[in-house]
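Written below as structure tokens is the structure these notes are about.
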Number of protein chains: 2
Amino acid sequence: MNYTQQLRDHHLKVTPQRLEIAQALEHYGHLTIDTLYTILKKKFDSISLATIYKNINLMTQNAFIQEVKIPQAKSVYELTKASHSHLVCDKCHQVEDITLDLSMLVIQASKTSEFQIEKTSLVFNGICSKCQ
Amino acid sequence: MNYTQQLRDHHLKVTPQRLEIAQALEHYGHLTIDTLYTILKKKFDSISLATIYKNINLMTQNAFIQEVKIPQAKSVYELTKASHSHLVCDKCHQVEDITLDLSMLVIQASKTSEFQIEKTSLVFNGICSKCQ
DNA sequence: CTCTGTGCAAAGCGTTTGCAAACGA
DNA sequence: TCGTTTGCAAACGCTTTGCACAGAG
């Protein structure tokens, strides 16, 4: 997919580096900063880590991408899409998306806590089918 | 509470610093590294940040305490207790515990994904009753 | 043409490490 | 006594910043 328009929609100027970040995230689903750097180095041999960081930060602020914090592991980044949960394999460290209906949970938590809940982050750790 | 025995149970030598870390976590529930440092400095004016880090790391490895990773905020640490979820206030950054039955969710996720799920981390972001 | 993004090098900051002295068992 | 912990200082690694040049709009 060509992300030119999506970048513009998020008030981000279109640059080859940004397009490539989007492509890489589309292709791999979830990437750490340094993996992203390794991938982009193949296309732009003189790319700087600073460029990755600056773009990741901007793109995160503009909600084009999202950080996923994972228990006892590095954060990964993903393209922003419909709200979903994550499965992390403790052996191969792959991250998978999973869509679950959390509405009952949110209702229950709201009642119990008097919090006005706005966002839910759910991460499962376990062993994926390949690694079992 | 006196944590002497619990520390021993987790194969940790008992030191005044460790007892104080346990006390602080009991009292405040959830603490960041630097808040913990500030608190312990009051008791041990010459305590080093390195001591905090070394102990937090050891105590985490031995499952005496646990790290809670929070979206767009610093990690907090808590005494290990029965599995539970967390509510984070986006205004005052307080963290609350909440116990929810996640068994249906785990069953559903296991079916959908073929993951062998071992741990579930659930964090709600929102606004607490005081801040509303 | 103007403003933003890129790459580089340096700075910054949280975390870890090495070591000598103090302490726990 | 012996092995572990503490505090200090230095080192480390990840992230950010400043700047000159290149590129987007």
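Model, not experiment: these values are computed from the prediction. Letters A, B, ... are given to chains in the order of the sequence lines, protein chains preceding strands, and every chain is numbered from 1.
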Practice task
For A:Tyr37 and C:dT6, give me the distance from atom OH to atom C1', rounded to whole Å.
Solution key: 13 Å
Practice task
Before accepting this row, confirm whether a basic side-chain N of the pair A:Lys74/A:Asp34 lies closer than 4.0 Å to the acidic partner's carboxylate O.
Solution key: yes
Handout entry: Nucleotide C:dT6, atom C1' - distance to CG of A:Asn57 in whole Å
Key = 15 Å
Handout entry: Residue whose nearest DNA chain C nucleotide is more 5′ - A:Leu58 or A:Ser46
Key = A:Leu58
Practice task
Identify whether any heavy atom of A:Thr51 sits under 4.0 Å from a base atom; if not, whether one sits that close to sugar-phosphate; answer base, sugar-phosphate or nothing.
Solution key: base
Exercise for the section: Could you tell me whether B:Asp90 and A:Lys119 have a side-chain N and a carboxylate O separated by less than 4.0 Å? Expected result: no
Handout entry: Nearest-Å distance for atom pair CZ/P, residues A:Phe44 and C:dC8
Key = 13 Å
Practice task
Using only heavy-atom distances, decide whether a donor-acceptor pair under 3.5 angstrom links the side-chain of A:Lys54 to the base of D:dG18.
Solution key: yes
Problem - Value in whole Å for how far the P atom of C:dT4 lies from CE of A:Met59 - result: 18 Å
Handout entry: Whole angstrom value for the distance that separates P of C:dT17 from CD1 of B:Ile52
Key = 17 Å
Exercise for the section: Answer with base, sugar-phosphate or nothing: what part of the nucleic acid does A:Asp34 contact at a heavy-atom distance below 4.0 Å? Expected result: nothing
Problem - Given DNA chain C, 5'-ward residue of the pair B:Ala50 and B:Pro16, judged by closest heavy atom - result: B:Ala50
Handout entry: A:Glu114 atom CD, over 12 foreign heavy atoms within 6.0 Å
Key = no
Fill in the blank from the handout: In whole angstroms, the gap separating C1' of D:dG3 from CG of B:Leu12 amounts to 15 Å
Problem - Test item: side-chain donor near acceptor, B:Gln61 and B:His10, under 3.5 Å - result: no
Problem - Whole angstrom value for the distance that separates P of D:dG7 from CD of B:Glu20 - result: 12 Å
Exercise for the section: Find out whether A:Leu102 and A:Ser85 are in side-chain contact, i.e. whether some heavy atom of one side chain is under 4.5 Å from a heavy atom of the other. Expected result: yes
Completion exercise
Ranking C:dT6, C:dC3, D:dT5 by distance to the side chain of A:Thr15, first place goes to C:dT6
Fill in the blank from the handout: B:Asp45 atom CG is separated from D:dT6 atom C1', nearest whole Å, by 14 Å
Exercise for the section: Among the candidates D:dC8, C:dG7, D:dT6, find the nucleotide nearest to the side-chain atoms of B:Gln17. Expected result: D:dT6
Handout entry: C:dG24 phosphate, OP1 or OP2, under 4.0 Å from B:Arg18 side-chain N/O
Key = no
